[in-house]
Structures are given as structure tokens and as C-alpha cells.
Amino acid sequence: MFVSDLRKEFYDVIVTQRVLLLVSPDVDALCACKILQALFQCDHVQYTLIPVSGWQELESIFLEHQEQFRYFVLINCGANIDLLETLQPPEETVFFICDTHRPIDVVNVYNDTQIKLLIKQDDDLEIPAYDDIFRDDEDEDEDDDSGNESEGSEPSGKRRRFDEGAVERRIERRRQRREWEARRREILFDYEQYEYHGTSSAMMMFELAWIMSKDSNDMLWWAILGLTDQWVQDRVTQMKYVTDVGTLQRHVSRHNHRNEDEENSLSIDCMRIAFEYDVRLSLYQHWSLYESICNSCYTSSSLKLWSVQGQKKLQEFLADMGLPLKQVKQKFNSMDISLKENLREMIEESANKFGMKDIRVQTFSVQFGFKNKFLASDIVFAVIALLENAERDENGTDNFIKALDSLSRSNLDKLHHGLELSKMLLRAIQQTVASCICTNLILSQGPFLYCYLMEGTPDVKMFSKPVSLSLLCKYLLKSFVSSVST
């Protein structure tokens, strides 16, 4: 059942209870978790946090804790499976599900006692009508039973008159049921055949905080990161992304409004969020511009940098911008200030000449004090790298805790470590993509493309995690399409 009032039907119900938080290991879920943790801290809500990476793990964790908790909050997991069938919970157990995965299981939608969905109903859900997928057959069963009873109670010595009308009615009901079942299968197939994503869970949690007048700049930044994570992984359409950016931009203006006449107006609680138009270059403010162009999905696939011709095109692109190689190959912070002042405009102008007309993107930046400034996409890449660091993940939760901690502005050292790990990840992705295309490892099989990575392939261990593998597939697809296009 959909929750229409987040405060009354969700937060007020759990605020006096012990709650078990089950959180999926992705950036959007971590950001939603941080917002909910901040709210729980305000109201002294007792909770236990456990990361969940699969349905088997979800089932085992529930079996272990079902006697200790009545209320379970699931973030980015649970909406697209029949939870009651999978977990077989006691009748008093209640699940609150905040999940971006679509489509939502129809049983979860129409169960109004144990399943509470913290999901926007204005999303394009296209949920089938109740009567099209559920049918009450008790009346038919009673008719059949009454017919059998009347047949069995017939007096001995008398032959029961053959009721042709009753037989025809029974046959007609069975025919109608078969037609209804066939139509139900068709409706469910159309509803469930494609997977997609809805509104960010972090944005939903921020909306709850805003309704309760407990929202803060930190919560707003986490909501921005949740949306940016969806954009980085191509989980939402460009129209959906721009619409949600507009929604968050209004909150940014409200929280970061400053009066120029007041003293010390530049420092607002040592944290400032700003809406910006930036370029689609990954980590360029924490890297060299050359490395960023070579390892960003958009520029690498557009310029076809895996080929000799692509490398020549890159040199022409840099020359068109008027940037010396000595400048673009050193760290961004060390570049001449005169070049950095108009760098975005120079990149946009030259990119249009080289067919990269969509290099401009709407985004947000955050500044902590006067030194540390980050773009939202930079932090998303850093948290992904921390979350899926294959080198150090002894018990499965270490990376989750480190990634969660890196979202706090008091742990900037962990965030900077994540930025370094993300550079390694982007390099590994780009090298793997170039290797696969140059050696023709990407094969077309009808409507599918597949690529087989050998175990001895360098950096293949990095792609054993779901988000890293998803980013690799995204880069492979765009690069392959670019390579076969004229």
C-alpha cells in the first residue's frame, strides 16, 4: 500500500519503536540512510543498521531478527519482489519500503496491512487494476460445493434429473476463468517485462525531513548526491533528471540564500551548496584535465580515444581550445588562473565543433569552508569506489561503513581517499574498454551484446562488484555504438 502522508503514516508510527534498517549498498541508498539517521538522532529513535546485498542475505537477516523487531525499513530493496511470499513474516510485522527499483510487485501494492510503500505515486508506475490481477473465487467454489451436496443428498430409488442448465453455467464460468487468467498473464507480462528506476530514495527521505521542518543543508546535499548517482549510472531519463534538479534547486536557494549587505555573508555554517552548469568530465577538478578527458565516458566514446585517429582528434581538440599540453597534463589546481577562469566556456565551444553538443550538464557543487570544493558527481564516484573497493573487504561491511562515513563533512580524509580509488577505477574501465574494442571482444547476438573478460585480464577483479560492472557495461555500450557509427 502506498503511504500518502510520510509523517503520519510512517515517521510517527516508528518514532517510539525499535527499528531495523536494511540498506542496499549503493550511493542513493546510503544518502537516504544518512538523512534518516539524522532524523532518528533528532528524536532519539533506537535503530539497528544492516547492509543487504541480495535476496538470500535479506532472508537470512530477517530470520535472525524477526523476533526482536516489529518494524523494518528497507531502502532500495524489497519493492520488486513479493516480500510476504519470500520472507513469510508474522502477521504483526510491518515493512516500510523506500525503493527506486521498478516495477513494484503488485502484491506489495495491494497489501494494506504489512507493506507500506514510501514511493511517489506521481511517477509513471502504470500499476494494473486490482480486478485485472486478483479474483475472488469463493462464490464459484460455493456453487460447485452446493451442486455436489444436492447431488449426494438425492433420495435412493429416484434418479436425479440431469440439470443441463447447471452444467452449462459451470462450463461458462470455467471458460471465463481461463480467459481472465490469460488476460492476467498478458497484463503482468506487459507490466513486468522492463526494469527501470523511479524517484531517488534520498529525495524521498529529504521530502520527509522538509515536511517535518527538520531539513538541513547536509540533508539537502545527500539528496543531491542520491539524484546524481542515478544520473551517473543512467538510471533515469534526462527529462526526469532535469525535473528533479529543478525541485532541488529551489531548496538550494532556500537554504543557501545570502544577503550581500551582511558581514561574513560568504560563510554560511561553513558549508555552501550552489547550482552550476558544468561539463561532463569526471573528477577534472581533482585530476589533470588531460586524464579526465581520456577517462570520462562521454569524451572518450565521442572522440574514440582507443584508436590512433582518436588520439589525433584529442590533440586537435586541445589545440582548438588553445591549451598547452604542459598545462592540461598537470593537476587542475596547478593550472594558470587565467586558463581556469574561462575553461568551461572554452571546452563547450570546442566540444560543439567536435560533435560533443551535450557536454554541458546541470549539477550542484558544495564548498566546505574556503578550501574544499566538490562537484556532486565527484563525490558519487568517490563513494562508489569506497563502497566497492575489492582490495579491502574482509567481512562485507567494512566498505559499507567507510563509504557511509565519507558522506559526513567531518571525514574529508576518507573522501579524498575515495577520489584516488575512483581514479583507479575509471582508468581500469577505460583500459578494459579500449582492449575489448581493439581486440573485437564485443560480440553481437541478435538484440544482445556480450563481452567475455578472461580471469587473467588486468583489473578484472574490480568488476566483480555490481556498480563497477554496471559502469563498465555503460562505457562499453557507448564506446561500441560510437565505434560502429560513421
Side-chain angles (χ1 to χ4, degrees), residues 21-38 49-54 57 75-77 100 200-202 218-219 221-233 235 282-287 291-292 295-297 363-366 368 372-430 432 459-472 474-475:
L21 283 178
L22 302 176
V23 182
S24 174
D26 64 74
V27 179
D28 180 39
L30 261 65
C31 293
C33 178
K34 290 290 288 186
I35 296 173
L36 201 54
Q37 281 181 310
L49 170 62
I50 301 178
V52 177
S53 58
E57 192 172 345
I75 301 180
N76 277 2
C77 58
T100 67
S200 159
S201 294
D218 287 289
M219 294 182 184
W221 180 242
W222 293 325
I224 289 170
L225 293 180
L227 173 61
T228 306
D229 175 53
Q230 291 189 316
W231 175 75
V232 165
Q233 299 190 56
R235 290 183 168 178
S282 304
L283 308 175
Y284 77 93
Q285 294 185 5
H286 309 278
W287 216 347
E291 289 279 4
S292 179
N295 294 289
S296 297
C297 177
T363 186
F364 296 90
S365 66
V366 67
F368 302 122
N372 296 286
K373 182 178 180 180
F374 304 94
L375 291 175
S377 58
D378 297 343
I379 296 186
V380 167
F381 278 116
V383 176
I384 289 174
L386 286 171
L387 195 61
E388 303 203 331
N389 185 7
E391 295 179 359
R392 301 179 62 183
D393 191 15
E394 292 83 4
N395 56 15
T397 59
D398 290 348
N399 287 349
F400 182 90
I401 299 301
K402 289 176 184 177
L404 193 65
D405 288 344
S406 70
L407 291 171
S408 300
R409 50 176 154 155
S410 59
N411 294 317
L412 290 181
D413 54 336
K414 294 183 179 179
L415 184 59
H416 284 291
H417 178 56
L419 289 172
E420 296 303 315
L421 291 176
S422 63
K423 294 175 187 177
M424 294 171 57
L425 175 62
L426 290 176
R427 282 197 194 99
I429 290 175
Q430 182 56 34
T432 304
D459 305 316
V460 72
K461 187 178 179 182
M462 287 187 176
F463 309 126
S464 61
K465 304 290 184 176
V467 179
S468 300
L469 182 60
S470 175
L471 288 174
L472 174 62
K474 168 189 168 183
Y475 279 45

| S282 versus S292, closest heavy-atom pair with distance | O-OG, 2.8 Å
| field | Heavy-atom pair of closest approach, residues L426 and N295 | value | O-OD1, 3.8 Å
| said: So L407 and W221, do their side chains get closer than 4.5 Å, heavy atoms only? | reply: no
| task | State the CH2-OG1 distance between W231 and T363, to the nearest 0.5 angstrom. | result | 6.5 Å
| task | Supply the atom-to-atom distance L386 CG to L425 CG, rounded to the nearest 0.5 angstrom. | result | 11.0 Å
| task | Would you mind reporting whether C33 and L49 have side-chain heavy atoms less than 4.5 Å apart? | result | yes
| task | In sequence, state the C-alpha distance, the side-chain angles, and the governing distance for H417 and D413, and then conclude on side-chain contact (heavy atoms from CB on, under 4.5 Å). | result | CA-CA 6 Å; H417 178 56; D413 54 336; over 6 Å; no
| remark: Between L225 and V27 the two heavy atoms that sit nearest each other are O-CG1, 4.4 Å
| query | Could you state the interatomic distance from CG (D229) to CZ (R235), rounded to the nearest 0.5 Å? | reply | 6.0 Å
| Shortest non-hydrogen contact from A29 toward S24 | CB-O, 3.1 Å
| task | Taking the side chain as every heavy atom from C-beta outward, state whether E388 and P466 have any pair of such atoms under 4.5 Å apart. | result | yes
| field | Parallel, tilted or perpendicular: rings of F374 and F368 (30°, 60°) | value | tilted
| message | Determine whether a donor-acceptor pair (N or O, by modelled atom type, separation under 3.5 Å) exists between the side chain of S200 and the backbone of A202. | response | yes
| remark: d(M462 CE, N389 CG) to nearest 0.5 Å is 8.0 Å
| message | For L36 and L21: C-alpha separation, side-chain torsions, deciding distance, then whether side-chain contact (heavy atoms from CB on, under 4.5 Å) applies. | response | CA-CA 10 Å; L36 201 54; L21 283 178; 3.6 Å; yes
| request: Mind listing the closest non-hydrogen atom pair of S422 and A385 along with its distance? | output: N-CB, 3.4 Å
| note | T100 meets the side-chain contact (heavy atoms from CB on, under 4.5 Å) criterion, sequence neighbours left out, with D28, N76, H197, S201, Q230
| message | Taking the side chain as everything from C-beta on, heavy atoms only, tell me whether V232 gets closer than 4.5 Å to L471. | response | yes
| For the atom pair OG1 (T432) and CZ (F463), what is the distance rounded to the nearest 0.5 Å? | 3.5 Å
| query | Do you know the tightest heavy-atom contact between L419 and A382? | reply | N-CB, 3.6 Å
| query | Could you state the interatomic distance from CG (L421) to CZ (F381), rounded to the nearest 0.5 Å? | reply | 14.0 Å
| query | Do side-chain atoms of D378 reach the backbone of L283 as a donor and acceptor pair under 3.5 angstrom? | reply | yes
| message | Assess the residue pair F400 and L30 against the criterion (side-chain contact (heavy atoms from CB on, under 4.5 Å)); give the C-alpha distance rounded to whole Å, side-chain angles, the decisive distance to 0.1 Å, and a yes or no. | response | CA-CA 9 Å; F400 182 90; L30 261 65; 3.4 Å; yes
| request: Answer yes or no: is there a side-chain heavy-atom contact under 4.5 Å between S53 and P25? | output: yes
| Do the side chains of N372 and L415 get nearer than 4.5 Å, heavy atoms only? | no
| request: Could you check if a side-chain atom of S365 sits within less than 4.5 angstrom of a side-chain atom of L375, using non-hydrogen atoms only? | output: yes
| Partners meeting salt bridge (charged side-chain N to carboxylate O under 4.0 Å, His left out) with E420 (sequence neighbours left out) | K423
